[in-house]
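Quick notes on the structure that follows.
Just so it is clear: chains get the letters A, B, ... in the order the sequence lines come, proteins before strands, and each one is counted from 1. Just the heavy atoms: all of them, side chains too, but no hydrogens, waters or symmetry mates, feed the values below.
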Amino acid sequence: MKHGVAFRKFSRTSSHRNLMLRNLVTSLFEHEQIKTTLPKARDAARLAEKIITLGKKGHNAAQARASSFLLKPSILTKLFSTFAQRYADRPGGYTRIHKFGNRQGDNAPHAILELVDNPRDLKWEMTARAVGRELLKDKVNSDSSEAVVDAGLGRVVNLLRAEKGLEPEEKGLLRPMTRWNLQKVLQFRGPRDVVEMSKKARVYADDLMATPMAHQTMHEEVKAKYPHTPQPRRLAGHKRLAETRPALVIAQGALGPGASPPTKGKKKRVYVLENALTQSF
Amino acid sequence: MASLALTQTQALLPTLRSSLRTWLAPAFGSAVLGWPGISRTLPSLGSLLELFPSIVLAVPKKKTSHSRKAMRSANKGLKDKQNITNCAGCGGVKLAHHICPNCYSSITRQWKAKLREEGLPGLS
Ligand SMILES: [Zn+2]
């Protein structure tokens, strides 16, 4: 029975294990984002939170304990200035773990451990992408395709401000999960970050429209050289803007339930835009 | 043809036997006469069998046929993954509860390009 054994041993002696975890935490504070195996990330995150709490306390005893834990003296100043300031209002939960598939080589579960609200916050970036994609989909549904291609998303700051204030059960423009992520990401950030987020979403929506066109031009260049080059194809399960079915069903192609038969029926406007951009691939 | 060959060997059998006997005789003779002590100590086949128990346990009685083997392995294959979802950012496929590797690579490439523009040394 595994009773009273709370933590992992990592097949190491306690000195080896403790030094490894201290090293991981020091690297996390130095780079604000590290990639390691999932169990190591979980144990390192726990210790990192404790050290950041010391950083927020800031008195002499905390300084002494932090300096006896961290392996680089230069990180101490960062801890007691940058992190203490950044997490002043946040009641714990200073780290975030993203699962990242299995590692090439030994197939160990891989994870990215990062400090919340760091300058290169992955969740921030991913939320900006999701917001951009969803707002673009909505825009194409309401406006004409030409207008969307010309203007892109336009100003969305006020939209995001409205979404930030919505309750989970209320209906807004964004999907509930995306709105949840947006609210989480903006929770301890200033009002300037909403503008930043809207800018990122707008840029990403432009990216989304430009990518298929770029692929098409690349394809035409290759085709000019080698006339028998086949049309590029979307990857199996790739979700187009207007798609509502889950990935496993999309991957079944025309055999999947809900697949529209290749008739001359009226297509949704989003599909028309995507077809215009990608010329049917 | 086979029957013809059989009758021929049957007709030849007596001469074959006699030639075999003359060829084998010196070999047997030397074995028995050369080391008479060994032939005395060699146990007979019957006493060797006595060493084994009368019933041999846990041994397959029959060879497993291809059909049986195929039937046994029918549910041993890999299971299909069901935890595949679409990325909210790019629409590609990814594992549920995992970060999208496609988005991650494009985001990190943007960061690295920015660093290169600023002329700073690359981070992580
Ligand atoms: Zn993605």
Side-chain angles (χ1 to χ4, degrees), chain A residues 27-28 30-35 38 96-102 109-112 114 119-134 136-137 174-175 177-178 181 200-201 203-204 207-208 211 234-251 274, chain B residues 53 56-124:
Chain A
S27 298
L28 173 66
E30 189 180 355
H31 302 289
E32 314 220 358
Q33 191 182 87
I34 56 174
K35 209 187 279 174
L38 183 57
R96 185 183 293 132
I97 295 174
H98 298 280
K99 286 182 195 165
F100 194 51
N102 288 3
H110 213 185
I112 299 164
E114 68 175 358
R120 302 184 303 154
D121 193 328
L122 266 179
K123 186 164 183 174
W124 171 261
E125 302 283 342
M126 288 304 300
T127 310
R129 285 175 156 239
V131 167
R133 188 180 161 86
E134 276 162 41
L136 178 67
K137 180 186 171 182
L174 300 176
R175 285 158 65 235
M177 207 58 218
T178 308
N181 284 335
K200 268 190 179 300
V203 169
Y204 183 62
D207 271 12
L208 269 181
T211 310
R234 270 174 293 121
L235 294 173
H238 184 95
K239 196 170 202 164
R240 306 177 84 186
L241 270 188
E243 188 62 76
T244 49
R245 299 171 301 157
L248 286 174
V249 178
I250 303 169
E274 288 212 79
Chain B
V56 184
L57 295 166
V59 171
K61 212 160 205 171
K62 290 278 185 220
K63 181 184 177 180
T64 309
S65 68
H66 284 296
S67 161
R68 285 266 148 225
K69 192 173 161 187
M71 277 154 72
R72 189 175 66 237
S73 334
N75 52 8
K76 278 189 183 176
L78 299 176
K79 297 278 175 291
D80 284 351
K81 270 193 192 302
Q82 298 294 326
N83 58 341
I84 294 172
T85 56
N86 284 112
C87 170
C90 68
V93 279
K94 70 170 193 74
L95 283 177
H97 314 297
H98 285 238
I99 196 166
C100 170
N102 184 19
C103 284
Y104 177 73
S105 93
S106 65
I107 289 168
T108 45
R109 267 185 281 124
Q110 278 173 15
W111 288 337
K112 280 173 189 166
K114 208 175 163 192
L115 281 178
R116 227 172 288 127
E117 265 174 31
E118 290 164 3
L120 295 170
L123 283 172
S124 62

> So which part of A:Asn181 gets closer than 4.5 Å to some heavy atom of chain B, the side chain, the backbone, both or neither?
Replying inline: neither
> What distance do B:Ser106 atom OG and A:Glu125 atom CD have between them, rounded to the nearest 0.5 Å?
Replying inline: 9.0 Å
> chain B heavy atoms under 4.5 Å from A:Lys35: which part of the residue, side chain, backbone, both or neither?
Replying inline: side chain
> Side chain, backbone, both or neither: which part of A:Arg129 has a non-hydrogen atom closer than 4.5 Å to chain B?
Replying inline: both
> Looking at CD of A:Gln33 and OG1 of B:Thr108, how far apart are the two atoms once the value is rounded to the nearest 0.5 Å?
Replying inline: 8.5 Å
> B:Leu95, B:Ile99, B:Val93: which one forms the most heavy-atom pairs within less than 4.5 Å of chain A?
Replying inline: B:Ile99
> B:Arg68: what forms a side-chain hydrogen bond (donor to acceptor under 3.5 Å, both in side chains) with it, not counting sequence neighbours?
Replying inline: none
>> Heavy-atom cut-off 4.5 Å, strictly under: side chain, backbone, both or neither for A:Ala251 against chain B?
In response: neither
> Out of curiosity, B:Ile107 CD1 to A:Leu122 CG, how far, rounded to the nearest 0.5 Å?
Replying inline: 6.0 Å
> Can you tell me how far the SG atom of B:Cys90 sits from the CG atom of A:Asp207, to the nearest 0.5 Å?
Replying inline: 12.0 Å
>> Looking only at heavy atoms and a cut-off of under 4.5 Å, which of A:Ile112, A:Thr178, A:Thr127, A:Ile250 has the most pairs with chain B?
In response: A:Ile112
> Highest number of heavy-atom pairs under 4.5 Å with chain B: which of A:Met177, A:His98, A:Arg175, A:Glu30?
Replying inline: A:His98
> When rounded to the nearest 0.5 angstrom, what is the spacing between CE in A:Met126 and SG in B:Cys103?
Replying inline: 4.0 Å
>> Looking at chain B, which one of A:Arg133, A:Lys123, A:Glu134 has the largest number of heavy-atom pairs inside 4.5 Å, strictly under?
In response: A:Arg133
> Between the side chain of B:Tyr104 and the main-chain N/O of A:Phe100, is any donor-acceptor distance below 3.5 Å?
Replying inline: no
>> By the salt bridge (charged side-chain N to carboxylate O under 4.0 Å, His left out) test, which pairs, at least two apart or in different chains, include something from residues 74-93 of chain B?
In response: none
>> Determine whether a donor-acceptor pair (N or O, by modelled atom type, separation under 3.5 Å) exists between the side chain of B:Asn86 and the backbone of A:Gly237.
In response: yes
>> Counting only non-hydrogen atoms closer than 4.5 Å, does B:Gln82 touch chain A with its backbone (N, CA, C, O), its side chain (CB onward), both, or neither?
In response: both
>> Under 4.5 Å from any heavy atom of chain B, what part of A:Ile34 do you find: side chain, backbone, both or neither?
In response: neither
>> Using every non-hydrogen atom in the two residues, find where A:Lys99 and B:His97 come nearest and quote the distance to one decimal.
In response: CB-O, 3.7 Å
>> Rounded to the nearest 0.5 Å, what separates atom NE2 in B:His98 from atom NE2 in A:His110?
In response: 12.0 Å
> Looking at A:Ala247 and B:Ile84, what are the two nearest heavy atoms and their distance?
Replying inline: CB-O, 3.9 Å
